[in-house]
K.L.:
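Before I ask anything, here is the structure I am working with.
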2 protein chains.
Amino acid sequence: MKRRLLLVSNSTLHGGGYLQHCQQQVQDFLGERVKRVLFVPYALHDRAAYAKVARDKLRTLGYEVDSVDEADDPVEAVTQAEAIFIGGGNTFRLLKALYDNGLVSVIRKKVLEDGVPYVGSSAGTNVATISIRTTNDMPIVYPPTFAAIGLVPFNINPHYLDADPNSRHMGETREQRIAQFHEEPHTPCVLALREGSMLLVEGGRASLLGTTRARLFTRGKQTTEHEPGSDLSFLLTDSP
Amino acid sequence: MKRRLLLVSNSTLHGGGYLQHCQQQVQDFLGERVKRVLFVPYALHDRAAYAKVARDKLRTLGYEVDSVDEADDPVEAVTQAEAIFIGGGNTFRLLKALYDNGLVSVIRKKVLEDGVPYVGSSAGTNVATISIRTTNDMPIVYPPTFAAIGLVPFNINPHYLDADPNSRHMGETREQRIAQFHEEPHTPCVLALREGSMLLVEGGRASLLGTTRARLFTRGKQTTEHEPGSDLSFLLTDSP
Ligand SMILES: [Ca+2]
Ligand SMILES: [Ca+2]
C-alpha cells in the first residue's frame with residue numbers, strides 16, 4: 001500500500017499562525033517533488049476566503065494551491081492532484097460536501113492506490129479515518145453516513161483535551177465522550193491527538209510527530225499514553 | 001395546544017445531587033395529580049442503572065417511576081403515561097433509540113394533543129426541540145435523521161458555556177459552533193441554556209426558570225441575554 005498521510009490535530013496552535021506549528025512537517029512530508037496542492041475548503045462556510053488563507057501559507061512553503069471549490073469538475077481535480085490537503089472547520093459540513101461532490105471514493109483510491117500524499121487538519125483528519133464518530137463538532141448538517149474516507153482503520157479525536165480538575169462544568173469530559181463511543185459494539189481504537197501532535201503514516205508504518213503526547217483509547221482496555229516519536233504502526237493492522 | 005414542557009439544561013449542577021437544583025421546579029411542574037412518571041433512559045448505556053437513579057430521586061419527590069425500557073411494549077407505555085421524563089446522556093444514542101422503538105411520533109402526539117407533561121434534561125431537552133443539530137455530544141451512533149420530537153419550533157443548546165478568555169485551546173468556542181449552525185440556510189433560533197437554567201412551556205407561554213441567564217442566537221441578528229423569569233413566549237411562534 002502506497003498510502004502517505006500527515007494527520008494533524010489542529011491547524012493553529014495557541015499563539016502561532018496558521019499551520020505554523022506543523023509547517024516543517026508539512027514540508028518534509030510533501031517534499032520537493034510536489035509543486036501543487038489541491039486544497040479542500042468544504043469545512044468552512046466561506047470557501048474562497050479559506051482557500052486564500054491556505055494558498056498564502058502554502059506559497060511561503062513553496063507550493064501552489066488549487067482549491068477544489070474553484071474546479072469545474074471536482075472529481076477530475078482530485079484525479080489530477082499531486083497532493084491533497086483537507087482543512088479543518090465543521091466535520092459534518094465537510095463530510096456532507098465530500099459526499100455531495102462524489103469525492104469520498106475517488107480520494108480513497110488516489111491515496112491508497114496511487115500514493116497521492118494526503119494532509120488533513122482537524123476535521124480534515126477526522127474524515128481521513130474510518131468514520132467521523134469521534135469528532136468534537138456540532139452536527140449542523142446531516143451527512144448521508146458517518147463513514148468517512150477510511151484511509152486508516154481506526155478513529156482519531158483531534159484537539160484532545162484533558163479534563164480540567166477545577167472545572168465546575170457538568171458536560172461530559174472528552175474522556176467520557178470517548179468512553180461512551182466504546183460502549184457501542186464493534187468500535188475501533190480512538191487515537192486522541194492533543195493540540196500540537198500529528199500522525200505520520202507511510203505505507204504500513206505510523207509514527208507520532210509534534211510536541212505533545214497522544215492518548216490511545218481501545219475498547220475494553222486501559223488507555224495508553226504515547227510520546228512524540230513513538231512508533232504507532234500497530235494501529236494500522238485491520239483487527240482491533 | 002395543551003403542551004406542557006419543562007426543559008432543563010443539566011440534570012446535575014456542580015456540587016449538587018441528581019436533579020437537586022431543579023427538584024422544586026419539577027415538583028411544581030408535575031404537581032400532585034401525577035402519580036407515576038414514565039422515564040426514558042435511552043441516552044445512557046446502562047439503562048437499568050439509570051432508571052434506578054431516576055426512580056430513587058423521583059420517589060423522594062413523591063412520584064413512582066416506570067422505565068420505558070422495562071415495558072413489554074414501549075409504544076403502549078408512552079400511550080398510557082401520565083408524565084414523560086427523558087434523561088440526559090448521549091443525544092445521538094437517545095434519538096436513535098427513540099426512532100428504533102417507534103416513540104418519536106407517539107411522544108409528540110401525547111404531549112401536543114393530550115397534554116401529557118414532558119420533562120427533559122440535557123439530551124432529553126435536545127430531543128424535545130425541532131432537531132438535535134445543536135447538541136454538544138459526540139456522534140457515537142448514526143440516527144435515521146437529526147429531526148427530533150419537535151415539541152417547540154426552535155433549537156436549544158444545553159450546558160451552554162461562555163468562552164474562557166484564558167483558554168489556550170483552539171477548538172471552536174460554543175458561540176462559534178452555534179454561529180456555524182446559523183451559516184446554514186433556514187436554521188431556527190438557538191436558545192442557549194447555561195447550567196442552572198430551564199425553560200418552562202405551558203401552551204403558548206414560555207418562561208425562563210432557574211438561577212442563570214440564557215442566551216438567544218437568531219440567524220442574522222445580534223444575540224440577546226435573558227434573565228431568569230423572562231417571558232420567552234415569542235419563541236413559540238412558528239416563524240423565526
Ligand atoms: Ca472543528
Ligand atoms: Ca450529553
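Chain naming here is simple, since letters A, B, ... match the order of the sequence lines and numbering starts at 1 in each. No hydrogens, no waters, no symmetry mates; every other heavy atom, side chains included, goes into these values.
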K.L.:
At a 4.5 Å cut-off on heavy atoms, which part of B/L44 comes close to chain A: side chain, backbone, both, or neither?
P.N.:
side chain
K.L.:
Please say whether more than 12 non-hydrogen atoms of neighbouring residues, nucleotides or ligands are located less than 6.0 Å from CD in B/E225.
P.N.:
yes
K.L.:
Determine the minimum heavy-atom distance between A/M170 and B/T12, stating which atoms define it.
P.N.:
CG-O, 3.2 Å
K.L.:
So what's closer than 4.5 Å to chain A heavy atoms on B/R93: side chain, backbone, both or neither?
P.N.:
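B/R93 touches chain A through side-chain heavy atoms alone.
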K.L.:
Is B/E195 salt-bridged to A/R168, cutoff N-O under 4.0 Å?
P.N.:
no
K.L.:
Could you look at B/D164 and say if it's the side chain, the backbone, both or neither that has a heavy atom under 4.5 Å from chain A?
P.N.:
neither
K.L.:
Hey, which of A/S167, A/G171, A/S122, A/G88 has the most heavy atom pairs under 4.5 Å with chain B?
P.N.:
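Highest number of heavy-atom pairs under 4.5 Å: A/G171.
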K.L.:
Under a 4.5 Å heavy-atom cut-off, does chain B meet the side chain of A/S9, its backbone, both or neither?
P.N.:
neither
K.L.:
For the atom pair CD (B/Q180) and CD1 (A/I140), what is the distance rounded to the nearest 0.5 Å?
P.N.:
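Nearest 0.5 Å value for the CD-CD1 distance: 5.5 Å.
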K.L.:
Distance check, rounded to the nearest 0.5 Å: A/H169 atom NE2 versus B/N10 atom CG?
P.N.:
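Result: 8.5 Å between the selected atoms.
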K.L.:
I need the minimum non-hydrogen distance between B/P139 and A/I132, along with the two atoms involved.
P.N.:
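That closest heavy-atom pairing would be CG-O, 3.5 Å.
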K.L.:
Are the side chain of A/Y142 and the backbone N or O of B/P144 linked by a donor-acceptor pair below 3.5 Å?
P.N.:
yes
K.L.:
With chain B, which of A/S11, A/G15, A/P143 has the greatest number of heavy-atom pairs at distances under 4.5 Å?
P.N.:
A/P143
K.L.:
Taking atom NZ of B/K96 as the centre, does the number of heavy atoms from other residues, nucleotides or ligands within less than 6.0 Å exceed 12?
P.N.:
no
K.L.:
Give me the atom names and distance for the closest heavy-atom approach of A/R177 to B/N136.
P.N.:
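Looking at all heavy atoms of both residues, the shortest contact is NH1-O, 2.7 Å.
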K.L.:
Among A/R174, A/Q176, A/E172, which residue satisfies the side chain to side chain contact (heavy atoms under 4.5 Å, CB included) criterion with B/M138?
P.N.:
A/R174
K.L.:
When the ring centroid of A/F181 is compared with that of B/F92, is the distance short of 6.0 Å?
P.N.:
no
K.L.:
Examine whether an atom of B/T91 lies under 4.5 Å from a heavy atom of chain A, and if so say whether it belongs to the side chain, the backbone or both; otherwise answer neither.
P.N.:
neither
K.L.:
For each of B/T145, B/N157, B/D46, B/I178, tally heavy-atom pairs with chain A at distances under 4.5 Å, and name the one with the top tally.
P.N.:
B/T145
K.L.:
For residues 146-155 of chain B, run the donor-acceptor check on the side chains, cut-off 3.5 Å, and write out each pair with its distance to 0.1 Å, sequence neighbours left out.
P.N.:
unit_1: B/N155; atom_1: ND2; unit_2: B/S131; atom_2: O; d: 3.2
unit_1: B/N155; atom_1: ND2; unit_2: B/S131; atom_2: OG; d: 3.1
unit_1: B/N155; atom_1: ND2; unit_2: B/T134; atom_2: OG1; d: 3.3

